[in-house]
Every structure is written in C-alpha cells, then in structure tokens.
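Here's the structure we're looking at; comments come further down.
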There are 2 protein chains.
Amino acid sequence: MKDQSEIKDLTLCSQCLFYKQSSLFLSEKDIHHLEKNIYQLKFKHGETIFKQGDKSRHIALLNHGIVKFNFEENKERNLILSIVSAPKILGGANMFYRQRNLFSITAIGDCDICMIDMNEFGEILKQNGKYALMLFERAMEMFETSILNYISLANKNVNGRIADILLYLSEHVYKNQSFHLLLTRKEIAEFAGCSKENIIHTFSHLNDDNVIRTDGKNLTILDKSKLQMISRLG
Amino acid sequence: MKDQSEIKDLTLCSQCLFYKQSSLFLSEKDIHHLEKNIYQLKFKHGETIFKQGDKSRHIALLNHGIVKFNFEENKERNLILSIVSAPKILGGANMFYRQRNLFSITAIGDCDICMIDMNEFGEILKQNGKYALMLFERAMEMFETSILNYISLANKNVNGRIADILLYLSEHVYKNQSFHLLLTRKEIAEFAGCSKENIIHTFSHLNDDNVIRTDGKNLTILDKSKLQMISRLG
DNA sequence: TCCCAAAAGTGAAATATTTCATCTTTATAT
DNA sequence: ATATAAAGATGAAATATTTCACTTTTGGGA
C-alpha cells in the first residue's frame with residue numbers, strides 16, 4: 001500500500017544549496033536570469049529523470065532523494081554506474097557529451113529536482129569562468145567516485161566489491177549504519193558487476209557471520225571493521 | 001642496446017594543436033602570458049610524467065606519444081585505467097582533484113610534452129568562461145572513454161574485454177591494424193582486469209584461430225569482424 | 001482477501017578464471 | 001660472449017563465479 005503523503009510545498013530557491021553557492025559567484029542580474037529558467041519537479045521510485053540517448057536540454061539539481069546512473073546495454077544487460085544522494089548536480093558535466101545522455105538517471109525513492117535550461121545556463125557559464133570552474137570541480141568529485149568504483153571493480157573479487165558497495169551506501173548515500181534499501185538484489189548485482197545469486201549468497205554468509213543483518217529491504221551493518229577487512233582482502 | 005636517437009628540436013608552440021585552438025579563444029595578451037609559462041619536456045618509455053599522490057602544479061599537453069594512466073593500489077596490485085595517444089590534454093580535469101593526483105601518468109615509448117603552470121592557467125580560465133568550457137568538453141571526452149571502459153569491464157567476460165582492448169588499441173591509440181605493443185602481458189592484464197596468464201592463453205587461442213598474429217611485441221589484427229563478434233558475445 | 005507475478009533464497013552442477021609449477025625465450029648488465 | 005633476471009608460454013589443479021532448477025516470500029492489483 002502506497003503512503004499517501006501530502007504534497008508539501010517545494011523548497012524555495014533561496015533555501016537551495018546550489019542557489020546559495022551560485023549567488024557567491026554570480027551578479028544579481030544573472031541570478032535573476034537563472035531563477036526565471038528554473039522549474040521544480042518531483043519524481044517517484046523508478047521514474048526516469050534522464051534517458052540514455054536523449055538530447056539533454058537541462059541540468060538537474062537533486063535537492064532531495066537518491067538516484068542511480070544506469071547504462072542500458074540491451075534488454076538483458078543493465079549496469080549501474082553509480083548511486084548518489086542529494087545535494088548533487090546531475091546532468092551536465094557528469095552525464096552528457098555532445099548533448100547526448102551517455103546513461104540514464106533514475107529515481108530511487110522520492111526525489112525533488114530543479115531543472116535548469118542548459119542554453120541559458122551555458123551563456124552564464126561563458127560569461128563567468130570562475131563560476132564555471134567551481135561547477136567543474138563539483139563534477140570532478142563525481143569523476144573521482146567513478147574511478148574509485150572502477151578500481152574496486154577491476155581488482156577485487158566479488159566479496160570485496162560487495163563489501164565496498166555496502167560501505168559506500170552506508171557512508172556516502174544513506175549516511176547511516178542502517179538503511180532501507182529500495183534496490184532489488186538484481187540491481188545490487190548490476191552495481192557490483194556480478195550475478196544476483198552471488199549477491200544473495202554473499203548476503204546470506206554475511207548474515208551468518210553477523211557482519212550485516214538483512215530483514216527484507218532493511219539492511220544494518222553490524223561489524224563495519226570486518227566489512228572493511230573483507231574489502232581489503234578482496 | 002638503446003637507440004641513441006638524436007635529440008631533435010622540440011615542436012614550436014605555433015605548430016601545436018592546443019596552441020592553435022587556444023588562440024581562437026584567448027586575447028593576444030593571454031596567449032603571450034601562456035607562452036611565457038610553458039616549457040617542453042621529453043619522456044622515455046616507463047618514465048613517470050605525473051605521480052599518484054603528488055601535488056600537481058602543472059597541466060601537461062601530450063604532443064607526441066602514448067601514455068598510460070595507472071593506479072597503484074599497492075606493490076602487488078597495479079591497475080591501468082586508460083591508455084591514450086597524442087594529442088591530448090593530461091592533468092587538470094581528467095586527473096587531479098583538489099590538486100592531488102588521483103593516479104600516475106607514465107610514458108609508453110617516447111613522449112613530447114608541454115607543461116603549463118596551473119596557477120597562471122587557472123587565472124586565464126577564470127577570466128574566460130568560453131575557453132574553460134571548451135577545455136571542459138575535451139575533458140569530458142576522456143570521461144566518456146572511462147565510462148565505456150568501465151562498462152566493458154563490468155559486464156563482459158575476459159575474452160570480450162581482451163577483444164575490446166585490442167580493438168581500442170588498434171582504433172584509438174595506434175590507429176593501425178598492426179602495432180608494436182610496448183606493454184608487457186602483465187600490463188595488458190592490468191588494463192583488462194585479469195591475470196597475465198589469462199592474457200597469454202587468450203592471445204594463444206586468438207593466434208590459433210587466425211584472429212590476431214603476435215610476434216614478440218608486434219601484434220596484428222587479422223580478423224577484425226571476428227574480434228568484434230567476440231566483444232559482443234563476451 | 002486472494003491471486004499472481006516478481007523478488008528472494010538455496011544448493012548443486014557447469015563454467016570461467018586464477019594460481020601454480022615448470023619451461024623457453026628475450027633483454028640487460030657485466 | 002656469458003650470466004642473470006625478466007617476460008612469455010603452457011597445461012593442470014584449485015578456486016571463484018555463474019547458471020540452473022526449484023522453493024519460499026513479498027507486494028500490488030483485481
């Protein structure tokens with residue numbers, strides 16, 4: 001049964017982190033210009049925010065919620081490149097190349113997102129190199145995450161990779177030892193680069209060894225240091 | 001015995017691709033400023049251009065040669081993130097984050113490189129958003145390569161990955177069906193994310209099946225379409 | 001509420017990959 | 001030229017991972 005939560009007023013621009021940071025760099029005129037080209041949207045679990053292959057005309061600001069970056073190779077083969085939580089800048093640097101989305105971005109649970117028209121935004125960037133560099137650095141953080149992700153994938157065995165993912169989700173996405181994981185086992189497998197049975201088996205063993213406790217979609221890390229050891233050995 | 005090749009005059013700035021593109025965006029004064037802060041270097045096979053963990057003060061322009069991006073996890077575990085050929089912008093966007101090199105960049109064969117002082121360069125970028133965006137897009141190309149690389153690694157078996165690497169080297173690095181591969185089998189394994197024996201076995205089989213022909217470090221792709229099929233099936 | 005489909009879970013067989021032992025070839029230094 | 005170490009090569013055993021067949025649980029819609 002779906003929780004019929006009331007639709008609250010969307011966040012005001014003046015309370016938005018992105019807006020606050022932007023106002024440090026931009027003139028009042030530019031800020032005003034930006035405001036006129038922003039609109040707010042809500043996405044539900046599983047809804048596509050950006051679609052792989054589409055021509056992207058917007059940059060999205062993830063104000064609240066969690067999203068996955070997923071690459072659809074074909075109907076059978078899917079792949080999760082990254083999972084990130086608000087606040088983040090989506091689209092733009094970390095996503096498109098020549099205006100074609102390299103991958104999709106999909107909501108995991110409810111998401112509040114502000115959309116900015118790229119053409120307008122691009123003009124502002126061209127006029128303001130310092131501001132562009134700040135955003136650039138933000139995009140690079142995402143790049144670093146990808147590289148570390150890649151490294152985990154490239155030279156660890158499945159146990160090590162699963163440990164890495166659990167630590168990553170706990171520390172960087174849910175920011176809690178205990179979290180309600182809306183991803184299916186299949187999706188976790190698409191993130192870890194292994195079969196879904198492998199995720200299930202590994203979760204079982206970690207449960208038996210009291211390293212984690214799973215209860216349906218709820219997951220609690222009981223022994224973080226043991227998980228870190230598995231990551232190192234993997 | 002090492003070939004004692006004579007040191008030729010380094011390329012003039014006015015003939016450099018980067019310089020030509022830059023001059024489309026920058027004022028004469030900025031170009032002049034840039035020129036004063038550039039110096040040219042030559043690297044030999046195996047020499048480190050940027051060292052992982054170092055504080056980077058320069059952006060490097062790879063004018064001639066091939067380099068690898070390598071991540072050193074520990075003495076035993078190394079990993080090649082990417083291999084690229086000139087002309088490319090190294091350092092900066094695709095490499096550092098908060099001035100710390102995320103990975104090393106090492107010469108594969110002889111390389112000609114121009115170094116630009118970052119502090120001076122950063123000032124120019126801040127003054128010129130349009131120029132910054134152009135470089136930004138260039139960096140994103142590198143990002144796309146990483147993602148495609150990641151996808152290959154994440155959901156293909158070793159045969160498919162090795163096929164991908166051979167196609168990539170042929171099409172994007174050496175730009176030839178036949179090339180003299182200075183990488184050891186161990187290094188290819190570090191790029192493919194598998195054991196060196198696996199590379200050797202797979203090369204043997206591909207040789208037997210007349211898909212490639214290896215002769216020491218020389219490698220020729222005999223049947224590109226078969227290699228593409230292996231990539232798809234992998 | 002019940003029904004159905006999707007997801008979760010389990011264990012065994014099949015397959016892929018790594019590790020190991022050993023040998024040959026190649027490159028480098030003396 | 002010779003010695004030595006590093007790289008390349010090979011096949012078999014050990015290990016990791018996937019696939020498969022099947023059962024149980026969960027969640028949403030009629």
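Proteins come first, then strands; the chains are lettered A, B, ... in the order of their sequence lines, and each starts at number 1.
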Legend entry - A:K196 vs A:G216, nearer the 5' end of DNA chain D by closest nucleotide: A:K196
Inset, instruction - Could you check whether B:S195 gets within reach of a base, just the sugar-phosphate, or nothing at all, counting any heavy atom under 4.0 Å? - result: base
Inset, instruction - Measure distances between side-chain N and O atoms of A:H201 and base N and O atoms of C:dG9, and say whether any donor-acceptor pair falls under 3.5 Å. - result: no
Legend entry - Whole-Å distance separating the CG atom of A:L183 from the P atom of C:dA6: 19 Å
Inset, instruction - Compare side-chain N and O positions of B:K217 against OP1 and OP2 of D:dG8 and report whether any pair is under 4.0 Å apart. - result: yes
Legend entry - Distance, rounded to the nearest Å, where B:K156 contributes NZ and D:dT17 contributes P: 21 Å
Legend entry - Integer-rounded Å distance: C:dA6 C1' and A:I188 CD1: 15 Å
Legend entry - A:D208 CG - C:dT10 C1' separation (whole Å): 12 Å
Inset, instruction - Using whole Å, report how far CZ of A:R185 lies from C1' of C:dT10. - result: 14 Å
Side-chain atoms of residues 227-234 of chain A: list all donor-acceptor pairs with protein atoms under 3.5 Å, sequence neighbours left out, distances to 0.1 Å.
residue	atom	partner	partner atom	Å
A:S231	OG	A:K156	NZ	3.0
A:S231	OG	A:D164	OD1	2.6

Inset, instruction - Look at the aromatic rings of A:Y168 and A:F191 and report parallel, tilted or perpendicular, splitting at 30° and 60°. - result: perpendicular
Inset, instruction - Ignoring backbone atoms, test whether B:N198 places a side-chain nitrogen or oxygen under 4.0 Å from the OP1 or OP2 oxygen of C:dT17. - result: no
Inset, instruction - Between C:dA8, D:dT10, C:dT18, spot the one nearest the side chain of B:I200, thanks. - result: D:dT10
Inset, instruction - Applying salt bridge (Lys or Arg N to Asp or Glu O under 4.0 Å), run through A:K186 and A:E190 and close with a yes or a no. - result: CA-CA 6 Å; A:K186 184 164 170 291; A:E190 286 168 356; 3.2 Å; yes
Inset, instruction - Mind calculating the distance between CG (B:N218) and P (C:dT25) to the nearest angstrom? - result: 18 Å
Inset, instruction - Report yes if the distance between the aromatic ring centroids of B:F71 and B:F103 is under 6.0 Å, otherwise no. - result: no
Inset, instruction - In whole angstrom, give the distance that lies between atom CG of A:N159 and atom C1' of C:dT18. - result: 15 Å
Inset, instruction - Would you kindly give the CZ-to-P distance between B:R161 and D:dT17, to the nearest whole Å? - result: 12 Å
Inset, instruction - Could you tell me whether the phosphate oxygens of C:dA6, OP1 or OP2, come under 4.0 Å of any side-chain nitrogen or oxygen in A:T184? - result: no
Inset, instruction - Compare all side-chain heavy atoms of B:S146 with those of B:L81 and state whether any distance is below 4.5 angstrom. - result: no
